[in-house]
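A quick write-up on the structure given underneath.
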Protein chains: 2
Amino acid sequence: MSDAQAPENRRASAKVGKESKEGKDSKEGDERHEAIYRAVSDAIVEQRLKPGARLREDALAEVFGISRTGIRKILQRLALEQLVTLTPRRGASVTRPTADEAKDVFDARQLIECGLMPDVARRMGEKEAAELREMAKRERQALRSGQQSVAIRLSADFHVRLAQLSGNATLAEFVERLCSRSSLILAVYGHRGHLGCESHDHDDLIGYLEAGNGERAKAFMSRHLKAIEASLSMVEEEENVPDLQQIFGG
Amino acid sequence: MSDAQAPENRRASAKVGKESKEGKDSKEGDERHEAIYRAVSDAIVEQRLKPGARLREDALAEVFGISRTGIRKILQRLALEQLVTLTPRRGASVTRPTADEAKDVFDARQLIECGLMPDVARRMGEKEAAELREMAKRERQALRSGQQSVAIRLSADFHVRLAQLSGNATLAEFVERLCSRSSLILAVYGHRGHLGCESHDHDDLIGYLEAGNGERAKAFMSRHLKAIEASLSMVEEEENVPDLQQIFGG
DNA sequence: ATGCTATTTATTGTATACACCAAATCCAGC
DNA sequence: GCTGGATTTGGTGTATACAATAAATAGCAT
């Protein structure tokens with residue numbers, strides 16, 4: 001069964017709905033959707049749902065105890081964020097990023113995240129630094145305890161929080177999307193046991209930012225991202241059907 | 001009448017559907033959705049649908065001859081792009097950008113579009129330059145013939161095409177979203193008769209790019225965007241109800 | 001036996017019906 | 001006449017039923 005049903009459903013009470021006609025629907029329904037969205041999104045980012053995995057509407061609907069209507073909404077959102085691919089009459093599946101897409105994503109991060117560093121440095125305070133250090137710490141812990149997928153997500157969270165501190169909500173949202181996709185890319189192309197982000201890096205970065213040294217932070221972020229990208233092994237494991245040509249085509 | 005109903009509706013045949021039961025549904029349905037999406041999106045960008053305008057699902061469903069289901073899908077997509085605002089039990093309305101959002105958007109454009117210029121300059125060829133000049137020309141024509149809303153959209157198209165020429169699809173998509181929102185911002189905060197983008201600017205920019213002078217183009221784009229932003233009158237015409245506090249509160 | 005076609009099946013696409021909530025309206029009471 | 005609450009109404013949220021299509025399978029002919 002590989003990795004089905006969410007191992008750590010802190011939220012997402014799982015299959016209520018059906019016969020819970022008495023007490024309304026517990027949550028306001030809207031929050032429930034958000035929770036489900038997050039559950040699926042996290043599962044993808046943490047590679048519990050692997051690239052290429054089919055996401056059947058019925059199945060999801062049953063697991064989460066809502067009807068297909070709500071599931072479709074969530075799948076569409078995920079599709080717009082390019083975490084899932086929606087093929088016309090074939091349904092949804094977890095996106096398998098191509099090498100080109102990976103390059104685009106990291107180039108974009110290079111441009112945006114680095115460009116944001118001066119702003120972040122300017123708005124960095126005690127509280128923010130403390131929060132970031134806490135995040136970096138949790139990330140390190142996850143890594144040490146062998147929970148690589150969780151660490152990947154925490155690392156993404158760190159980068160997103162950083163972007164949010166720039167004060168530009170729009171760019172922060174872009175970074176959020178880029179980080180999600182990066183997690184997917186790491187999950188596919190990353191070497192096992194070698195997480196892209198060394199959490200030590202993150203601590204160093206906080207230092208520069210706390211010192212208000214935006215330029216230094218920018219340069220560091222640039223190297224940091226380059227290091228992540230360089231750690232990837234960009235071999236497109238084409239499991240389609242081109243083997244014959246390659247093997248016999250001679 | 002300003003400029004109502006699409007002056008050049010190349011696509012979006014408008015209200016077929018209903019009695020077209022004979023030949024299947026003409027288009028593959030998927031393309032139809034895309035067409036409707038574009039029709040609404042364009043209408044918003046061209047200010048035929050003004051900020052604050054309510055978008056009732058029934059009404060849209062009837063106009064386009066599909067059911068609410070399809071409309072909802074489209075509205076959600078527009079909401080994710082922040083062109084429409086979806087309030088929980090109140091339905092959809094065209095987003096009224098705040099001053100803060102406007103600042104974020106233009107800061108983001110400053111960072112991304114300027115950062116893209118060197119890449120664009122590097123990949124600029126004869127054909128691309130010719131295409132861009134053609135676009136600039138059409139924009140100028142629209143402006144001269146008084147079709148300001150159309151000109152706004154064409155201007156956005158120009159910036160988007162430029163970003164696409166960078167070769168980074170992800171960043172190009174971001175620019176697309178930023179340009180849509182910019183059009184909305186211009187529609188709200190722009191002075192009538194003074195379009196943000198002087199089309200002459202665009203021609204100059206093409207020149208620098210064609211000469212392969214990325215840095216020059218970058219600096220020019222920066223000034224260009226600053227000029228647009230500066231041309232806005234950022235008065236939030238608050239038509240809410242806070243007058244009482246302000247007037248008597250002292 | 002193999003290749004082609006027809007049927008079946010599994011799954012998505014779409015519409016519609018119903019439930020539910022919020023606002024507008026109307027009526028009663030002060 | 002104005003305020004407060006109950007009722008009506010308009011519109012969204014959700015589920016379910018049905019239609020359509022592509023893949024899988026079985027059957028038939030060569």
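Every chain is numbered from 1 and lettered A, B, ... according to where its sequence line falls, protein lines coming before strand lines.
- Nucleotide dA15(C) holds its P atom 14 Å from the CZ atom of F64(B), rounded to whole Å.
- Residues forming a side chain to side chain donor-acceptor pair (under 3.5 Å) with T85(B) (at least two apart in sequence, or on another chain): T95(B).
- The closest side-chain heavy-atom distance from V175(B) to I112(B) is below 4.5 Å.
- In this structure, the salt bridge (Lys or Arg N to Asp or Glu O under 4.0 Å) partners of R72(A), at least two apart in sequence or on a different chain, are E57(A).
- Between the CZ atom of R54(A) and the P atom of dA10(C) there is a distance of 13 Å, given to the nearest Å.
- In this structure, T69(A) and A92(A) both approach DNA chain C, and ranking their closest nucleotides by distance from the 5' end singles out A92(A).
- Atom CG of D58(A) is separated from atom P of dT16(D) by 12 Å (rounded to the nearest Å).
- Here the side chain of S67(B) is nearest to one of dG13(D), dT14(C), dT11(C), namely dT14(C).
- In the set dG13(C), dT14(C), dG11(D), dT14(C) carries the atom at the smallest distance from any side-chain atom of H33(B).
- Of the candidate nucleotides dT12(D), dT14(D), dT12(C), dT12(C) has the atom lying nearest to any side-chain atom of E57(A).
- Looking only at atom types and distance, the side chain of R181(A) has a donor-acceptor partner in the side chain of T170(B) under 3.5 Å away.
- Taking atom CD of residue E34(A) and atom P of nucleotide dG13(D), one finds them 15 Å apart after rounding to whole Å.
- Closest to the R90(B) side chain, of the nucleotides dA22(C), dT16(D), dA23(D), is dA22(C).
- The residues R153(B) and E139(B) are annotated as not salt-bridged, no charged nitrogen and carboxylate oxygen being separated by less than 4.0 angstrom.
- The side-chain contact (heavy atoms from CB on, under 4.5 Å) test applied to R90(B) returns R54(B), T87(B), not counting sequence neighbours.
- When rounded to the nearest whole Å, the span between CZ of R32(B) and C1' of dA15(C) equals 15 Å.
- Whole-Å rounding puts the I74(A) CD1 to dT12(C) C1' distance at 17 Å.
- Under 4.0 angstrom from either OP1 or OP2 of dG11(D) there lies at least one side-chain N or O belonging to R56(B).
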For DNA chain D, what is the dot-bracket line, given that a base pair needs Watson-Crick (N1 to N3, plus N6-O4 or O6-N4) or G-U wobble (N1-O2 and O6-N3) geometry with both distances under 3.5 Å, and | means paired with another strand? ||||||||||||||||||||||||||||||
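- The phosphate of dG13(D) has OP1 or OP2 within less than 4.0 Å of a side-chain N or O from R72(B).
- For F106(A), there are no ring pair (Phe, Tyr, Trp, His ring centres under 6.0 Å) partners, not counting sequence neighbours.
- Note: NZ (K73(A)) to C1' (dA15(D)) measures 13 Å, nearest angstrom.
- With rounding to whole Å, Q76(B) atom CD is found 12 Å from dT12(D) atom C1'.
- Among residue pairs with one or both ends in residues 73-102 of chain B, none qualify as ring pair (Phe, Tyr, Trp, His ring centres under 6.0 Å); sequence neighbours excluded.
- Of the candidates dT16(C), dA17(D), dT11(C), the closest approach to any side-chain atom of R68(A) belongs to dA17(D).
- For D104(B), there are no side chain to side chain donor-acceptor pair (under 3.5 Å) partners two or more places apart in sequence or in a different chain.
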Contact list (N/O, under 3.5 angstrom) for nucleotides 5-9 of chain D vs protein:
none

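- With sequence neighbours excluded, no residue forms a side chain to side chain donor-acceptor pair (under 3.5 Å) with S93(A).
- Taking for each of G91(B) and I66(A) the nucleotide of DNA chain D with the nearest heavy atom, the 5'-most of the two is the partner of G91(B).
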